[in-house]
Amino acid sequence: MFVLVEMVDTVRISPWDFQRQINEAVAEELNKKLANKVVYNVGLCICLYDITKLEDSYIFPGDGASHTKVHFRYVVFHPFLEEILIGKIKYCSQEGVHVTMGFFDDILIPPESLQQPANRSDEAEQVWVWEYETDEGAHDLYMDQGEEIRFRVTDEVFVDTSPTGPSAAETDAAAQPGQAATSAPTEESKEKKEAPYTLIGTICEPGLGLLSWWNN
């Protein structure tokens with residue numbers, strides 16, 4: 001679930017931090033830059049583990065800060081495929097069951113990966129229902145918000161969310177000299193914001209914390 005990733009970065013230390021130990025100043029800057037951020041094709045950065053090498057520091061003309069190339073190891077949340085994790089149901093939608101682990105929320109279990117057969121979506125309650133078959137008949141087990149769930153990671157999706165320039169359509173729509181500016185794009189025309197890192201999973205047997213009553 002958590003891995004150590006070797007990284008290299010150039011850290012800028014402001015002049016008012018020169019009185020501090022360089023390791024402390026560098027560690028603080030690295031955590032400010034990376035902690036709780038997703039690095040493309042790497043995972044969700046948690047915290048600095050250690051600094052393995054500090055190269056020479058330089059001060060460039062026009063900038064009183066020092067710039068130091070740093071080799072370090074960072075703790076990253078990046079589960080391997082087929083790893084089994086435990087989370088809680090955050091909410092349900094037509095896309096499936098959305099799961100949170102407290103520090104990471106972008107986990108989706110699509111309908112085809114829920115307990116089969118007889119999964120159905122209760123639109124009135126906004127939950128998925130598993131019709132659990134027993135010798136006494138079927139029982140409706142609701143996948144309620146906050147219930148503990150065990151799932152297997154089957155896929156991961158990284159999306160490059162780096163800022164991009166205006167599209168060609170937006171450029172053409174820009175006001176020309178002597179013309180009125182076009183209206184701002186509506187909310188419907190804006191693209192849905194995508195998560196930079198998403199895990200896709202499938203429920204494991206028995207899989208649901210809501211089965212605890214059945215085991216008792």
Side-chain angles (χ1 to χ4, degrees), residues 1-7 9 27-49 72-116 119-130 140-164 187-213:
M1 182 165 63
F2 296 103
V3 295
L4 279 180
V5 178
E6 295 183 356
M7 298 182 177
D9 197 5
E28 181 176 327
E29 291 300 320
L30 286 173
N31 280 324
K32 283 181 181 179
K33 182 176 182 179
L34 294 173
N36 203 33
K37 302 292 193 305
V38 171
V39 176
Y40 188 70
N41 283 339
V42 174
L44 174 66
C45 295
I46 305 298
C47 65
L48 178 69
Y49 183 76
F72 58 97
R73 292 187 294 177
Y74 218 88
V75 179
V76 174
F77 173 71
H78 189 182
F80 57 83
L81 296 184
E82 300 302 319
E83 183 172 0
I84 295 176
L85 303 175
I86 296 177
K88 291 185 177 181
I89 297 175
K90 187 178 180 182
Y91 65 94
C92 296
S93 69
Q94 292 298 324
E95 296 177 340
V97 176
H98 300 260
V99 181
T100 177
M101 297 185 69
F103 63 93
F104 186 76
D105 295 341
D106 297 315
I107 304 170
L108 174 65
I109 301 177
E112 62 272 14
S113 297
L114 296 173
Q115 297 280 18
Q116 301 292 336
N119 266 295
R120 58 185 173 83
S121 176
D122 189 324
E123 295 184 0
E125 297 291 337
Q126 288 296 306
V127 296
W128 284 86
V129 183
W130 176 27
D140 284 348
L141 300 184
Y142 288 80
M143 302 182 187
D144 293 319
Q145 181 178 354
E147 294 287 357
E148 192 172 82
I149 191 170
R150 187 164 65 240
F151 63 96
R152 178 183 292 106
V153 178
T154 57
D155 197 8
E156 61 182 10
V157 179
F158 282 96
V159 176
D160 188 357
T161 57
S162 302
T164 58
E187 290 295 330
E188 291 77 12
S189 65
K190 294 180 180 178
E191 294 183 1
K192 182 181 178 181
K193 185 177 180 181
E194 294 184 272
Y197 178 40
T198 303
L199 294 178
I200 309 298
T202 182
I203 288 184
C204 300
E205 289 284 354
L208 298 171
L210 50 86
L211 284 179
S212 58
W213 68 271

Open item on the list: Let's go through Leu44 and Ile46 carefully: what are the C-alpha distance in whole Å and the side-chain angles of both, what is the deciding distance for side chain to side chain contact (heavy atoms under 4.5 Å, CB included) to 0.1 Å, and is it a yes or a no?
Closed with: CA-CA 6 Å; Leu44 174 66; Ile46 305 298; 4.2 Å; yes

Open item on the list: I'd like to know whether Tyr197 forms a side chain to side chain contact (heavy atoms under 4.5 Å, CB included) with His78, so could you lay out the CA-CA distance, the side-chain angles of the two residues, the decisive distance to 0.1 Å, and finally the verdict.
Closed with: CA-CA 10 Å; Tyr197 178 40; His78 189 182; 3.2 Å; yes

TODO: For Gln145, enumerate each residue passing the side-chain contact (heavy atoms from CB on, under 4.5 Å) test, keeping only those at least two apart in sequence or located in another chain.
DONE: none

Open item on the list: Please list all pairs meeting salt bridge (charged side-chain N to carboxylate O under 4.0 Å, His left out) that have one or both residues in residues 79-89, counting only residues at least two apart or in different chains.
Closed with: Glu82-Arg152

Open item on the list: Looking at every non-hydrogen atom in both residues, tell me the closest pair between Pro111 and Glu95 and how far apart they are.
Closed with: CD-O, 3.0 Å

Task: side chain to side chain donor-acceptor pair (under 3.5 Å) pairs, two or more places apart, involving residues 33-49 - done: Asp9-Lys33

Task: Gly201 to Ser113 - nearest heavy-atom pair and separation - done: O-CB, 3.5 Å

Open item on the list: I need the minimum non-hydrogen distance between Cys45 and Leu34, along with the two atoms involved.
Closed with: CB-O, 3.2 Å

Task: Partners meeting ring pair (Phe, Tyr, Trp, His ring centres under 6.0 Å) with Phe72 (sequence neighbours left out) - done: none

Task: Contact check, side chains of Leu4 and Val75, non-hydrogen atoms, under 4.5 Å - done: yes

TODO: Quick one: closest heavy-atom pair of Leu85 and Pro79, and the distance?
DONE: CD1-CG, 3.8 Å

TODO: Output all residues satisfying ring pair (Phe, Tyr, Trp, His ring centres under 6.0 Å) with Phe103, sequence neighbours left out; order by chain, then residue number.
DONE: Phe2, Phe77

Task: With sequence neighbours excluded, residues passing side-chain contact (heavy atoms from CB on, under 4.5 Å) with Asp155 - done: Ile200

Task: Atom pair CG/CD1 of Leu199 and Ile107 - distance to nearest 0.5 Å - done: 5.5 Å

Open item on the list: Among residues at least two apart in sequence or on other chains, which ones pass side-chain contact (heavy atoms from CB on, under 4.5 Å) with Tyr91?
Closed with: Ser93, His98

Task: 4.5 Å side-chain heavy-atom contact, Val99 and Lys90 - done: no

Task: Non-neighbouring partners of Glu156 that pass salt bridge (charged side-chain N to carboxylate O under 4.0 Å, His left out), sequence neighbours left out - done: none

- [ ] For Phe151 and Cys204, work out which heavy atoms get closest and say how close.
- [x] C-SG, 3.6 Å

- [ ] For Thr202, enumerate each residue passing the side chain to side chain donor-acceptor pair (under 3.5 Å) test, keeping only those at least two apart in sequence or located in another chain.
- [x] none

Open item on the list: Taking side-chain contact (heavy atoms from CB on, under 4.5 Å) as the definition, give me every residue that meets it alongside Val5, ordered by chain and number, with sequence neighbours left out.
Closed with: Val3, Met7, Val42, Val76

- [ ] Drop me the distance from Ile86's CD1 to Met1's CE, to the nearest 0.5 angstrom.
- [x] 9.5 Å

TODO: Answer whether the closest heavy-atom distance between the side chains of Ile109 and Ile149 falls below 4.5 Å.
DONE: yes

Open item on the list: Looking at every heavy atom in both Met143 and Cys92, which two are closest together, and how far apart are they?
Closed with: O-SG, 3.5 Å

Open item on the list: Could you check whether any side-chain heavy atom of Trp128 comes within less than 4.5 Å of a side-chain heavy atom of Leu114, counting everything from C-beta outward?
Closed with: yes

